[in-house]
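In what follows, chains carry the letters A, B, and so on, assigned in the order in which the sequence lines appear, proteins first and then strands, with residues in each chain numbered from 1.
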Number of protein chains: 2
Amino acid sequence: MLFFTQCFGAVLDLIHLRFQHYKAKRVFSAAGQLVCVVNPTHSLKYAPTRCAAAQASTEQGILPPCHHHEAVHDPQLVPCTCPLFSCPWEGHLEVVVPHLRQTHRINILQGAEIVFLATDMHLPAPTDWIIMHSCLGHQFLLVLRKQEKYEGHPQFFATMMLIGTPTQANNFTYRLELNRNQRRLKWEATPRSILECVDSVISDGDCLVLNTSLAQLFSDNGSLAIGIAITTSKVHSSEADM
Amino acid sequence: MLFFTQCFGAVLDLIHLRFQHYKAKRVFSAAGQLVCVVNPTHSLKYAPTRCAAAQASTEQGILPPCHHHEAVHDPQLVPCTCPLFSCPWEGHLEVVVPHLRQTHRINILQGAEIVFLATDMHLPAPTDWIIMHSCLGHQFLLVLRKQEKYEGHPQFFATMMLIGTPTQANNFTYRLELNRNQRRLKWEATPRSILECVDSVISDGDCLVLNTSLAQLFSDNGSLAIGIAITTSKVHSSEADM
């Protein structure tokens, strides 16, 4: 009996995901645009000081280890910049992608333009939605985070990080686009390197920021569809082309 | 001597404005795009409850009077939706434009695309930057407001209101665009009618919202240039054209 109940639950989940997928396809109907349903990742804890020592290592191409701040004993081990909290892993840039895929089961999508469909936006902060995006010969990490910067007022922060060095990141431009309810919001910027701290990008607000009411306006049935496009950074060579 | 000092001060102000104007022109170099320098208007007081009774009158085409909430005696006189605070004026839609021009000396600009250059972004909240924009046979009011929604954390809110009814407003789409420091932020929406309450639009966050650090990234020498474009609302007839 329990088996059948579980099967029925799984079928219902599949129908729900399929429904969300079609809803997103309706909104993002550009031919060939891939829609990816992204479920939330609960962050166990936010350590606000863990970014402090991370900057020194960013230009050396060493990915700081994913330790809690309290666990750092060796002065060579700097606090975590990996957006997945409570992960004790450490490693160089080349092995970040296999680590994220295998250990954290983060999906990787191909294509210059994809749609990131974050589900369950109502979940309490802090919550992350993460996906990897492979295009133009590189891998990128999109992080959407729900966080209470001001107590009692959760906000959504979305940014794109290159799994590469800051110099490599400067060659690209990413665009995040929301479009619903007769409103459209576009954010374009140079991606940050994963060697920089995603926490500081978000705490500085140097990313796409949405308050809860705006996120609700852009959401459909509790899911937020974000169109993502990555190009080489010719777009920003001149700021005069508005 | 005092006369010469004042003259010198006025010349310096002119040079400063001219300098800002050229800076904005450099950024917004599209041919024929008009750059307008907008100085701040200090709001004397924000009365958070003054919007409560304003909704009832919006569909009747009557502009609620610019009274403080405490001064309303006649039940026909609803609290102010005029973005200029502490103004005792009241009147119908047809006379709003002459009132704003003559009494409050708000500039009116012509053209489908203009650049709004708000000066002195460092001034403490609450502060408003306001301009009228005439195009497509209608007048619009752009309001940029610096306000502390969360104490100690001022934010910037920008919205466009049609000096007309909500039904007329539905025929248009406005776009606000910021472009600087390898970042670009675009907001597109249907303008709200001036008969609706600008305070509630801003308190709901249903507008372009910038935190202080992002406003600084987009600012140049303390001035924020916002590109404005208004079109008829064909753009939003389908949400599938991302």
Problem - From S203(A) atom OG to N211(B) atom CG, the distance as rounded to the nearest 0.5 Å - result: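 Nearest 0.5 Å value for the OG-CG distance: 10.5 Å.
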Practice task
State the CD-CZ distance between E188(A) and R184(B), to the nearest 0.5 angstrom.
Solution key: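 Between E188(A) CD and R184(B) CZ, I get 5.0 Å after rounding to 0.5 Å.
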Relative to chain B, which segment of [X] carries a heavy atom at a distance below 4.5 Å: side chain, backbone, both, or neither?
X: D206(A); result: both
X: Q216(A); result: neither
X: L185(A); result: both

Problem - Parallel, tilted or perpendicular: ring planes of W187(A) versus F218(B), cut at 30 and 60 degrees - result: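 If you compare the ring of W187(A) with that of F218(B), the planes turn out perpendicular.
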